**Student:** 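So that we are looking at the same thing, I have put the structure below in structure tokens.
These numbers come from a predicted model, not from an experiment.
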Amino acid sequence: MDDSGYYIPALAMAIALAIKTPALLRSWHDPLQRSVCTLIALSGLVFFFAAPPTIAEVNRLTGIANVSAPLVYGLLSALSAACLVVIINWRGGPPEATRRATRRWITGYGVVIVALVVLFVLGEAPEERLRDLDTYYANTPFIREMIVLYLVSLTVAGVAMDVMCWRWALQVRGWLRAGLLVIALGFLCNIPYSVTKFIAVVARWNGQDLDDLSTYVAPATASAGMQLNALGFCLPPAGQRIGDLWSTWSTYRRLGPLWRELRPLAPPKDRAVRISWWSPAELQVTQRESDIHDGMLALYPYFDEEIRAGAYEAAVAAGSDPVQARAEADAAMVTAAVRARAADPEGRVITSATADDAPPASGEAPRDLVRMSLALRQSPVVATAASFSVSGGPLNRGFFRPR
């Protein structure tokens, strides 16, 4: 893996952290928010400090040959702990149990990091190695133990993450399950990473040279695993956002028939703020719902409860459930009111309306605008009401009864 393979992911993590920082500052007391930001920061630091040019620069600045080894191994251990903490807080559960599990993993990997530093200090590694330290010092006392310790700690974290992710994935569905499976797949890469490293180290113990496994194969699997982990952690919130956006635009589109039915007769409005086509989907839906309510308010003097009751009975007789029948009845009444308003250009009905004809402030369940809009396009009951309104035929409760 060349140098760009380290620095590009590090830069991507830095950008992600910058994006997440405002949310972190707003929700500093949220353990999940803190653990996610810590995970992102540690991921970027691992890639940055594991790059050979950075290793050489850190060694030069400190004046200690190979001091980057315990630094990188310690960051890898901290990253492992951060991943475990994120999963624990993400899964949730009793707060005390969550805190206890978090403290246990942080303490365990804190001990590992201290042990890595102690073993490096006790060992002797005078010759700088930028890419093959694991195999070059595989037989050096204390350095050997440091290498084995960090590999074992990575393997333990990978197995623990896989177990937790698989167990949780069996209990959930949708984007969360997909994200957990991707994370589990990413941590499975810890196994070939550790295996190839161990094979190369053991080969050195036996006087053989399989350094290429440690120098070239293992870093590639680690990079693939970390990128899969990043994708897995991002997939649930991104998928949820995409799903919410799709649902919002679907609602906007399904409201179209009812909005177009009422728009010609809705009272004109000079809005202080005009909604642009690029405005957020939620705002577009809110504006469309507001237009529909305004149109229905203007048509209220023309609403005929007998038409609504007859349409309801016809819809139920045709097999609609009560909720759907109510939406079809409302749509039929609106359709008839639109035609009645068009046939009354002088607005005589409106001018003769009394205070008792005002729409009720409460007492009725809110109308399901989406169902009403779909009924306008799909319901035979509404189509019948519309056709007879246009032809001037009688529209009353008895009209909808089967003949």
**Student:** In Å, rounded to the nearest 0.5 Å, how long is the span from CG of Leu235 to CD1 of Ile183?
**Tutor:** 8.5 Å

**Student:** I need the minimum non-hydrogen distance between Phe187 and Gly158, along with the two atoms involved.
**Tutor:**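 Reported closest heavy-atom pair: CD2-CA, 3.7 Å.
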
**Student:** Any side-chain heavy atom of Val217 within less than 4.5 Å of one from Asp212?
**Tutor:** no

**Student:** Just verifying a value: how many Å separate Met372 CE and Asp330 CG, rounded to the nearest 0.5 Å?
**Tutor:** 5.0 Å

**Student:** Using a 3.5 Å distance criterion without hydrogens, assess whether the side chain of Thr21 forms a donor-acceptor pair with backbone atoms of Leu17.
**Tutor:**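 Judged by distance alone, yes, a pair lies under 3.5 Å.
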
**Student:** So, Thr54 side chain and Phe48 main chain: donor-acceptor pair closer than 3.5 Å or not?
**Tutor:**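 Pair found, side chain donor or acceptor close to backbone of Phe48.
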
**Student:** Roughly how far, to the nearest 0.5 Å, is the CD1 atom of Ile113 from the OG atom of Ser80?
**Tutor:**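 Rounded to the nearest 0.5 Å, the OG-CD1 separation comes out at 9.0 Å.
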
**Student:** Side chain of Tyr109, backbone of Ala157: donor and acceptor closer than 3.5 Å?
**Tutor:**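 Yes, because the side chain of Tyr109 sits within donor-acceptor range (under 3.5 Å) of the backbone of Ala157.
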
**Student:** Please find the pair of heavy atoms, one from Ala222 and one from Tyr193, that lie closest to each other, and give the distance.
**Tutor:**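 That would be CB-CD1, 3.5 Å.
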
**Student:** Considering only NZ, NE, NH1 and NH2 on the basic side and carboxylate oxygens on the acidic side, decide whether Glu261 and Arg339 come within less than 4.0 Å.
**Tutor:**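 Result for this pair is yes, salt bridge flagged.
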
**Student:** With no hydrogens and no angle check, is any side-chain donor or acceptor of Thr38 less than 3.5 Å from a backbone partner on Arg34?
**Tutor:**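 Flag set: sc Thr38 to bb Arg34 pair under 3.5 Å.
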
**Student:** Do Ile87 and Leu180 touch side chain to side chain, with heavy atoms closer than 4.5 Å?
**Tutor:** yes

**Student:** Apply the test side-chain contact (heavy atoms from CB on, under 4.5 Å) to residues Asp132 and Thr135: give CA-CA distance (whole Å), side-chain angles for both, the deciding distance (0.1 Å), then the verdict.
**Tutor:** CA-CA 6 Å; Asp132 62 349; Thr135 50; 3.8 Å; yes

**Student:** In Å, rounded to the nearest 0.5 Å, how long is the span from CD of Gln171 to CG of Leu176?
**Tutor:** 10.0 Å

**Student:** How many angstroms lie between CG in Asn229 and SG in Cys165, if you round to the nearest 0.5 Å?
**Tutor:**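 Between Asn229 CG and Cys165 SG, I get 8.5 Å after rounding to 0.5 Å.
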
**Student:** Is Arg129 positioned over the aromatic face of Tyr137, cation under 6.0 angstrom from the ring centre and no more than 45 degrees off axis?
**Tutor:**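 Arg129 over Tyr137 ring: no.
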
**Student:** Does the side chain of Pro219 reach to within under 4.5 Å of the side chain of Tyr6, using non-hydrogen atoms?
**Tutor:** yes

**Student:** Say whether, by atom type as modelled, one donor and one acceptor occur between the side chain of Thr221 and the main chain of Ala218 under 3.5 angstrom.
**Tutor:**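 Yes.
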
**Student:** Any sub-3.5 Å donor-acceptor pair from Asn139's side-chain atoms to Arg204's backbone N or O?
**Tutor:** yes

**Student:** So, the side chain of Asp368 versus the backbone of Val370: is there a donor-acceptor pair under 3.5 Å, distance only?
**Tutor:** yes

**Student:** Can you check whether Val86 reaches Phe233 side chain to side chain, under 4.5 Å on heavy atoms?
**Tutor:** yes

**Student:** Measuring only between side-chain heavy atoms, which start at C-beta, is Val334 closer than 4.5 Å to Phe303?
**Tutor:** yes

**Student:** Answer yes or no: is there a side-chain heavy-atom contact under 4.5 Å between Val285 and Trp249?
**Tutor:** no

**Student:** Would you confirm whether Thr62, through its side chain, and Asn59, through its main-chain N or O, come within 3.5 Å as a donor-acceptor pair?
**Tutor:**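 Such a contact is found between Thr62 side chain and Asn59 backbone.
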
**Student:** Could you walk me through whether Arg308 and Arg326 pass side-chain contact (heavy atoms from CB on, under 4.5 Å), step by step?
**Tutor:** CA-CA 8 Å; Arg308 182 174 181 272; Arg326 182 173 184 271; 3.4 Å; yes

**Student:** What pair of heavy atoms forms the shortest contact from Arg177 to Arg173, and how long is it?
**Tutor:**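 Here Arg177 and Arg173 meet closest at NH1-NH1, 3.3 Å.
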
**Student:** With sequence neighbours excluded, tell me which residues meet side chain to side chain contact (heavy atoms under 4.5 Å, CB included) with Arg99.
**Tutor:**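 Per chain and number, Arg99 pairs via side chain to side chain contact (heavy atoms under 4.5 Å, CB included) with Pro95, Glu96, Arg103.
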
**Student:** Calculate, to the nearest 0.5 Å, the distance between atoms CG and CE belonging to Leu188 and Met161 respectively.
**Tutor:**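 Answer for the CG-CE pair, Leu188 versus Met161, is 11.0 Å.
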
**Student:** Who are the side chain to side chain contact (heavy atoms under 4.5 Å, CB included) partners of Val72, not counting sequence neighbours?
**Tutor:**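 Here the qualifying residues are Phe49, Ala50, Leu76.
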
**Student:** Begin with the C-alpha distance, continue with both residues' side-chain angles, and end with the deciding distance and a verdict on side-chain hydrogen bond (donor to acceptor under 3.5 Å, both in side chains) for Ser223 and Gln227.
**Tutor:** CA-CA 6 Å; Ser223 176; Gln227 292 178 54; 2.9 Å; yes

**Student:** Might you point out which heavy atoms bring Ser77 and Val112 nearest each other, and give the distance in Å?
**Tutor:** OG-CG1, 3.8 Å

**Student:** Where is the tightest heavy-atom contact between Ala78 and Leu42, given as atom of each residue plus distance?
**Tutor:** O-CD1, 3.5 Å

**Student:** May I ask you to test the Arg288-Leu258 pair for a side-chain heavy-atom distance under 4.5 Å?
**Tutor:** no

**Student:** Are any non-hydrogen side-chain atoms of Asp291 and Leu262 less than 4.5 angstrom apart?
**Tutor:**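 Contact flag for Asp291/Leu262 side chains = no.
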
**Student:** Is a side-chain N or O of Asp321 found less than 3.5 angstrom from the main chain of Gln324, in a donor-acceptor match?
**Tutor:**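 Yes; at least one donor-acceptor contact below 3.5 Å.
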
**Student:** Look only at the side chain of Trp205 and the backbone of Ala138, and say whether a donor-acceptor pair between them is shorter than 3.5 Å.
**Tutor:** yes

**Student:** Step by step, work out the side-chain hydrogen bond (donor to acceptor under 3.5 Å, both in side chains) result for Thr140 and Glu124.
**Tutor:** CA-CA 7 Å; Thr140 303; Glu124 294 288 339; over 6 Å; no

**Student:** Evaluate side-chain contact (heavy atoms from CB on, under 4.5 Å) for Val46 paired with Met226, printing each intermediate quantity in order.
**Tutor:** CA-CA 10 Å; Val46 166; Met226 292 184 71; 4.2 Å; yes

**Student:** Can you pull the ring-ring contact (aromatic ring centres under 6.0 Å, His included) pairs that have at least one residue in residues 146-179, sequence neighbours excluded?
**Tutor:** Tyr73-Tyr150, Trp90-Trp168

**Student:** Step by step, would you call Arg254 with Ser373 a side-chain contact (heavy atoms from CB on, under 4.5 Å)?
**Tutor:** CA-CA 7 Å; Arg254 289 185 293 171; Ser373 186; 5.5 Å; no

**Student:** Quick one: closest heavy-atom pair of Ala200 and Ser214, and the distance?
**Tutor:**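 Closest heavy-atom pair between Ala200 and Ser214: CB-CB, 3.6 Å.
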
